[in-house]
Amino acid sequence: MTQLLPPTVCLDSEAVRRVREEKKLTQLYVSKVVGVTTDTISRWENNRYPTIKRENALRLADALEVEIEAILEAGGETEVSAGPQTALSSLFRRRFRWLLALSGLAILGLAVFFWQSRQAQVPLVSLEAERWLPPFAAPGSVVPVRLQLEPDTGLKGFILREHFPLGWQLIEASPPPASLDNERGTARWIIKPGENPGFVSYLVRVSPQASVGQAVSLVGEVVVGPDGHSNPVLVRGATQIDIAPYHWADLNGDRRVDDGEMLLASDSFALMTGVHLDWDLLEKIWDSGSYQWDAATGNFVPVKYVLPAGQESLPAASGR
């Protein structure tokens, strides 16, 4: 299907809004996955843009977790190539539908009023979810991700969703995800009532094709359902990681893992029980004093640190 799409396609704005609301996704969450502003998402849902770029449509489908056909106008994948007359008539048809929709605003406003009244009766349930990420990740390397969960004691279960960059692969997690789609870069955990793991930890392998110097993002959301009502909560904390030839424990990117960084790494090992980080390699890097990234093999290689002439000890650790 992707190969058949022209450079620009026609969105079914009503389908985009319907799918997002059915999946309890916020415009903020979708905008972060697609890489656009929330205003752009709103314009797409209100049919303010007749067509959008193919790449944005594909990212939008990934964010909404549906096939691309589900959010395109019928025949929308070929409208642009069919000629200006067809595209113009499609624009008039959609503008006409938009005008018809305005006539129902009074009814919609009334429905919203009753919905908000019902919302006010639902007890608020708080949930704090915060992500820890290392600052750097080398192409093809394995990096740890940790999420701390502090749910309200009255919580009746929730679902945690994490989205990592396309081409990355989740290889291990504790607890294991209930649903994993490495092709789309999505993992889901179902936390049942009464369960509280405290932490959700996982390891992801960075795409070998990731470009050094690029900054990528991980985003996530928690769906809480008290009494059948869902309140999506965006995962807080770190969201961005830089693609660079540095080990995940090297927090300042100086190709060394000093004592302070080693202590922080040991904390991560202690907290991330159930996943298998390479502690032996980290100890060798720490003991050697330095390391190099072998791009050909995709491995970190310990290297003996040689003191510059006239220097009698290792330089002081520089925190990040």
Side-chain angles (χ1 to χ4, degrees), residues 32 130-148 162 164-174 185 199-220 235-273 275-320:
K32 284 183 173 289
E130 186 167 1
R131 182 188 301 101
W132 174 87
L133 277 176
F136 304 112
S141 67
V142 175
V143 295
V145 182
R146 185 174 70 247
L147 299 107
Q148 184 173 3
E162 275 282 273
F164 38 91
L166 296 180
W168 292 35
Q169 301 286 309
L170 188 150
I171 59 175
E172 191 177 13
S174 178
F199 290 94
V200 170
S201 305
Y202 63 91
L203 304 181
V204 284
R205 187 179 302 279
V206 182
S207 170
Q209 285 74 45
S211 300
V212 172
Q214 177 186 22
V216 298
S217 297
L218 284 78
V219 294
V235 175
R236 300 184 296 106
T239 60
Q240 183 171 295
I241 188 167
D242 295 329
I243 305 301
Y246 306 131
H247 191 277
W248 65 265
D250 182 4
L251 301 182
N252 56 9
D254 62 357
R255 289 190 171 85
R256 295 177 52 224
V257 177
D258 59 41
D259 292 351
E261 291 168 335
M262 192 63 176
L263 284 173
L264 292 175
S266 67
D267 289 341
S268 294
F269 273 81
L271 292 172
M272 297 184 68
T273 56
V275 298
H276 300 85
L277 291 165
D278 194 341
W279 179 256
D280 290 339
L281 173 61
L282 187 54
E283 279 192 327
K284 291 176 182 177
I285 291 174
W286 178 49
D287 185 57
S288 298
S290 184
Y291 68 90
Q292 289 182 347
W293 169 249
D294 187 342
T297 62
N299 294 313
F300 292 101
V301 180
V303 176
K304 193 67 178 177
Y305 184 81
V306 179
L307 293 175
Q311 183 173 316
E312 297 181 355
S313 61
L314 291 175
S318 55
R320 177 185 173 93

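With rounding to the nearest 0.5 angstrom, the CZ atom of Arg146 is 10.0 Å from the CD atom of Glu130. Rounding to the nearest 0.5 Å gives a distance of 4.5 Å between CD of Glu261 and CG of Asn252. Interatomic distance, Ser268 OG to Trp279 CH2, rounded to the nearest 0.5 Å: 9.5 Å. Taken from OG in Ser211 to CD1 in Ile243, the straight-line distance is 8.5 Å, to the nearest 0.5 Å. The CG atom of Leu166 lies 9.5 Å from the OG atom of Ser207; values are rounded to the nearest 0.5 Å.
Salt bridge Arg131/Glu162: present, at least one basic N to carboxylate O contact under 4.0 Å.
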- prompt: Between Leu218 and Thr239, does a side chain to side chain contact (heavy atoms under 4.5 Å, CB included) hold up when you go through it step by step?
  reply: CA-CA 5 Å; Leu218 284 78; Thr239 60; 5.8 Å; no
- request: Starting from the C-alpha separation in whole Å, work towards a yes-or-no answer on side chain to side chain contact (heavy atoms under 4.5 Å, CB included) for Lys32 and Ser217.
  value: CA-CA 8 Å; Lys32 284 183 173 289; Ser217 297; over 6 Å; no
task: Check step by step if side chain to side chain contact (heavy atoms under 4.5 Å, CB included) holds for Gln240 and Val216.
output: CA-CA 6 Å; Gln240 183 171 295; Val216 298; over 6 Å; no
message: As a quick check of understanding, evaluate side chain to side chain contact (heavy atoms under 4.5 Å, CB included) for Leu203 and Leu170, giving each step before the final call.
response: CA-CA 6 Å; Leu203 304 181; Leu170 188 150; over 6 Å; no
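Under the 4.5 Å side-chain criterion, counting only non-hydrogen atoms from C-beta, Ile241 is in contact with Pro134. In this structure, the side chains of Ser141 and Phe300 come closer than 4.5 Å at one or more pairs of heavy atoms. A 4.5 Å side-chain heavy-atom check between His247 and Tyr291 finds at least one atom pair inside the cut-off. Side-chain contact between Leu264 and Leu251: present, with at least one pair of heavy atoms (C-beta onward) separated by less than 4.5 Å.
Asp259 and Trp286 share a side-chain donor-acceptor pair at under 3.5 Å.
Between Ala249 and Ala265 the shortest heavy-atom distance is CB-CB, 4.1 Å. Scanning both residues, Val143 and Ala137, for their nearest heavy atoms gives CG1-CB, 3.7 Å. Between Ser174 and Thr273, the shortest heavy-atom contact is OG-O, 3.2 Å. Nearest heavy atom pair, residue Asp287 against residue Lys304, reads O-NZ, 4.1 Å. Scanning all heavy atoms of the two residues, the minimum distance from Asp258 to Gly260 falls at OD1-N, 3.1 Å.
Under a 3.5 Å cut-off, the side chain of Ser288 and the backbone N or O of Lys284 do form a donor-acceptor pair. Looking at Glu172, its side chain does come within 3.5 Å of a backbone N or O of His276 through a donor-acceptor pair. With Asp242 contributing its side chain and Ala215 its backbone, the two residues share no donor-acceptor pair below 3.5 Å.
Enclosure of atom CD in Gln292 is not indicated, since only 12 or fewer non-hydrogen atoms of other residues, nucleotides or ligands lie within 6.0 angstrom.
Ring geometry, Trp132 versus Trp248: the interplanar angle exceeds 60°, so the pair is classed perpendicular (tilted spans 30 to 60°).
Between Trp293 and Tyr246, the gap from one ring centroid to the other reaches at least 6.0 Å.
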